[in-house]
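Inspection log for the structure reproduced underneath, given as structure tokens.
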Amino acid sequence: MDTDKVRDEIQGRGPADDDPLDRQDDLLLAIGALADAPPERNLWPGIEARLDRRSATSRSFTFSLPQLAMAATLLIAVSAGVSWLALRPGPASPASTGPSIRAVAEPTDAVQGDVQRATFADAEYDAAVADLEQVLREGRETLNPQTVMVLERNLAAIDEAIRQSRAALDADPANTYLNTHLADARRRKLELLRQAAMLSSGS
Amino acid sequence: MPVDDVVLAANGDASAFERVYHAHVPRVHGLARRMAGPDAADELTQDVFVRAWQKLGTFRGESSFGTWLHRLAVNVIVERFRTLGVARDRFLSDSESALEVATAPPRSRPDLGMDLQAAIERLPPGARTIFVLHDVEGYRHEEIAGMLGVSAGTSKSQLHRARQTLRRTLNATTKRAADRPQMAQTRTGPQIGQR
């Protein structure tokens, strides 16, 4: 490359700067005469076969970073709390402390006064969870990968909270606080799966 | 095409999207053919419309739908070049011999635009892409450089070479077309005389 070319390269200039298309240029006339024509074969069937039939506007979802951080923090807190309870020695469990524990358990509206919800209708609950997990599996490709990652992490945290609650309840079945936590974790799992299924199905 | 079809398509109406496709496919296919050549044009056109379907939700109506789709098409085609791993090299390595081959006259066509179309398809890939983006589609060298990962100077050099090659090709085609009536007249003369 000679000196002029190097200089032109650095300055972002090129020979075309000295080679403008003027109105008399046949090339310009030819460019103006270029016509667009449809393809010789119909391409639509091939396109149609590749279309995801769900709503285009709701096809891809992302959570904002603050939402993700809040969800993760909440789940870590729940999981850590249940873990702490589950690892406490049996005799000192909240069941023996009566009134003070009830005061903690009561604010959960979904399970208020109904700690038995932690153990009722397991088959129904499991079926609902299985259905939603199936929907989510089928639709996971429509979700943003980061969203899928967070969902899976959160579901794993809830599952761990449920597992630990059950383990703790095995040792202290009448513990209102643990029952409340178990019910709450199951409700959270169901709700998270419902939301994820709705997102993945675009409804 | 009614704007409503874009809205309907954005809400998942595949029939509306088919109408959008038919309204815009000549433009998109023409772009794909000029940028990537006839062999890749069909597949690229399909890729563009599948991508458009996926991205319709992001169309805000700030520009015309045609403009939005065209920009998306350019991106899909350039992305394909990148995926193939040939982007930068191809824009730097179009050889003189390749350009010489490109100056061979295309099949004789009476229409200037069709002559140019055929000549464009014979250009080496780098020169062809830059010529189409700059002279046909109206992109600036800085934009082209950004899209293709080359310098603005390279874009200008390739454009210059492409223009020279195309001028030579068009001139050759025009000359052949000008010679043809004389030859035809020579051939038809005796025939008329025989009647």
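Residue numbering restarts at 1 for every chain, and letters A, B, ... go by the order of the sequence lines. Values below: all heavy atoms of this structure, side chains included; hydrogens, waters and symmetry mates excluded.
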>> Under 4.5 Å from any heavy atom of chain B, what part of A:Ala30 do you find: side chain, backbone, both or neither?
In response: both

> Out of curiosity, B:Ile120 CD1 to A:Ile31 CD1, how far, rounded to the nearest 0.5 Å?
Replying inline: 7.0 Å

> What is the minimum heavy-atom distance between A:Pro38 and B:Pro26, and which atoms define it?
Replying inline: N-CB, 3.9 Å

> When rounded to the nearest 0.5 angstrom, what distance separates CZ in B:Phe49 from CD in A:Glu48?
Replying inline: 14.0 Å

> So what's closer than 4.5 Å to chain A heavy atoms on B:Phe17: side chain, backbone, both or neither?
Replying inline: both

> What is the minimum heavy-atom distance between A:Ala35 and B:Arg34, and which atoms define it?
Replying inline: O-NH2, 3.3 Å

>> What's the separation between atom CH2 in A:Trp44 and atom NE2 in B:His22, rounded to the nearest 0.5 Å?
In response: 7.5 Å

> Who wins among B:Asp42, B:Leu170, B:Val25 for the most heavy-atom pairs under 4.5 Å with chain A?
Replying inline: B:Asp42

> Does A:Leu43 offer a backbone N or O that forms a donor-acceptor pair with the side chain of B:Tyr21 under 3.5 Å?
Replying inline: yes

>> What I want to find out is whether B:Arg33 reaches A:Asp36 closely enough, with some N-O distance under 4.0 Å, to be called a salt bridge.
In response: no

> Tell me, side chain or backbone of B:Asp47 under 4.5 Å from chain A's heavy atoms, or both, or neither?
Replying inline: both

